[in-house]
Amino acid sequence: MYITDDGVRLNASLEMPKEKKEKYPLVVILHGFTGHMEERHILAVSHMLNEIGCATLRADLYGHGHSGGEFHDHTLFKWMTNAMTLIDYGRSLDFVSDIYLCGHSQGGLTAMLTGALERDVLRGLILLSPASMIPEGARRGQLLGYPFDPEHIPDEIPAWNNQTLGGNYIRVAQSIRVEEYTARYKGSVLLVHGDADGAVPVQCSIDAAEQYENAELAVIPGDGHCYENHLDQAVDAVRKWMEKQMREEKKA
Ligand code: FER
């Protein structure tokens with residue numbers, strides 16, 4: 001199905017838990033930079049959540065997968081707007097109880113930023129290897145291993161898979177102070193990160209766990225950026241945390 005955000009079609013998939021009930025928590029799941037909603041780790045988390053009684057909404061974000069927009073033109077602002085649109089869609093569903101936002105890497109950073117904007121709507125954040133160093137890298141002139149002059153932003157820089165990324169991506173990223181967003185979110189946060197992640201250092205999650213008022217951190221020893229070695233452990237960390245949230249939800 002498609003969910004439209006300001007005229008841009010977002011390819012999305014809503015999946016329900018097996019067990020039938022009147023209401024379910026909904027987890028909105030965001031992929032990373034150059035990723036898409038069918039990636040192995042995205043599917044693994046989503047299907048586990050369906051098993052334990054959550055509905056999930058996965059989507060391809062602007063310029064990615066089968067959604068509209070050009071990769072070259074995507075920015076963190078566009079992804080944040082996409083995330084808000086997906087949350088609004090979730091709020092329109094009468095079977096949805098609490099809404100959680102989950103994101104991997106750049107999608108994890110997007111979840112951190114959107115979490116602050118939707119702090120009164122989101123029951124919790126699940127941050128998988130969140131790429132929280134992107135804004136500082138953009139200010140320093142270092143993204144994707146490509147150095148540039150942060151005061152004279154290039155029209156484009158080389159990105160993965162022979163693609164190019166427009167300078168507006170950098171302009172937007174430079175404007176974001178991640179710690180202002182983490183300070184604004186007071187709900188429950190789970191961080192999951194492999195300590196052998198070569199794309200996003202585990203320190204990003206260690207720092208974020210300290211910045212949040214109410215965060216838990218699961219470091220997966222020997223795992224990489226997409227949980228290539230221990231996907232089961234990453235999924236299990238999310239399962240345990242979410243089961244605890246659902247028990248507390250019931251009590252409330
Ligand atoms: C970067 C390192 C990692 C970067 C983006 C990422 C745009 C994102 C990784 C991901 O989403 O998987 O320098 O710059």
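Nothing fancy with the numbering, it's 1 onward along the sequence. Here the structure is a predicted model, which means the values were calculated and not measured. As the structure lists them, so they are numbered: ligands from 1, and atoms in each ligand from 1.
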- Query: Do the ring centers of His72 and Tyr169 come within less than 6.0 Å of each other?
  - Reply: no
- Message: Tell me the contacting part of Trp160 for ligand 1: side chain, backbone, both, or neither, using a 4.0 Å heavy-atom threshold, strictly below.
- Response: side chain
- Query: Will you find, in the side chains of Glu38 and His66, an N or O donor that is under 3.5 Å from an N or O acceptor?
  - Reply: no
- Item | Ser105: numbered ligand 1 atoms lying under 4.0 Å from its heavy atoms | 8 (C), 9 (C), 10 (C), 11 (O), 12 (O)
- What pairs meet the salt bridge (charged side-chain N to carboxylate O under 4.0 Å, His left out) rule with one or both residues in residues 101-129, with sequence neighbours excluded? Asp98-Arg123
- Could you tell me if any non-hydrogen atom of Gln142 lies under 4.0 Å from any atom of ligand 1? no
- Message: Below 3.5 Å, N or O to N or O, backbone or side chain included: is there any such pair between Val200 and ligand 1?
- Response: no
- Task: State the atoms of ligand 1, each with its element, that fall below the 4.0 Å cut-off from a heavy-atom position in Gly32.
- Result: 11 (O)
- Query: Which atoms of ligand 1 are found less than 4.0 Å from any heavy atom of Gln106?
  - Reply: 10 (C), 11 (O)
- Message: Is the positively charged end of Lys78 above the ring of Tyr62, judged by distance under 6.0 angstrom from the centroid and angle within 45° of the axis?
- Response: yes
- Query: Judging by distance only, is a nitrogen or oxygen of Leu144 under 3.5 angstrom from one on ligand 1?
  - Reply: yes
- Item | Region of Ile134 that comes within reach of ligand 1 [heavy atoms, distance under 4.0 Å] | side chain
- Side chains of Asp197 and His225: donor-acceptor distance under 3.5 Å anywhere? yes
- Would you check if the distance from the ring center of Tyr212 to the ring center of Tyr181 is below 6.0 Å? no
- Message: Only heavy atoms of Tyr169, strictly under 4.0 Å: list the atoms of ligand 1 that pass.
- Response: 7 (C)
Name each donor-acceptor pair under 3.5 Å that joins a side chain in residues 124-137 to protein atoms two or more places apart or in another chain, with its distance.
| from | atom 1 | to | atom 2 | distance (Å) |
| --- | --- | --- | --- | --- |
| Ser129 | OG | Tyr227 | OH | 2.5 |
| Glu136 | OE1 | Arg139 | NE | 3.4 |
| Glu136 | OE1 | Arg139 | NH2 | 3.1 |

- Return the residue, atom name and 0.1 Å-rounded distance of the protein heavy atom closest to atom 2 (C) of ligand 1. Met133 CE, 3.3 Å
- Going by the 4.0 angstrom heavy-atom rule, the piece of His225 near ligand 1 is side chain
- Message: Which residue is it: His104, His36, His64, His41? I am looking for the one with a ring pair (Phe, Tyr, Trp, His ring centres under 6.0 Å) to His31.
- Response: His64
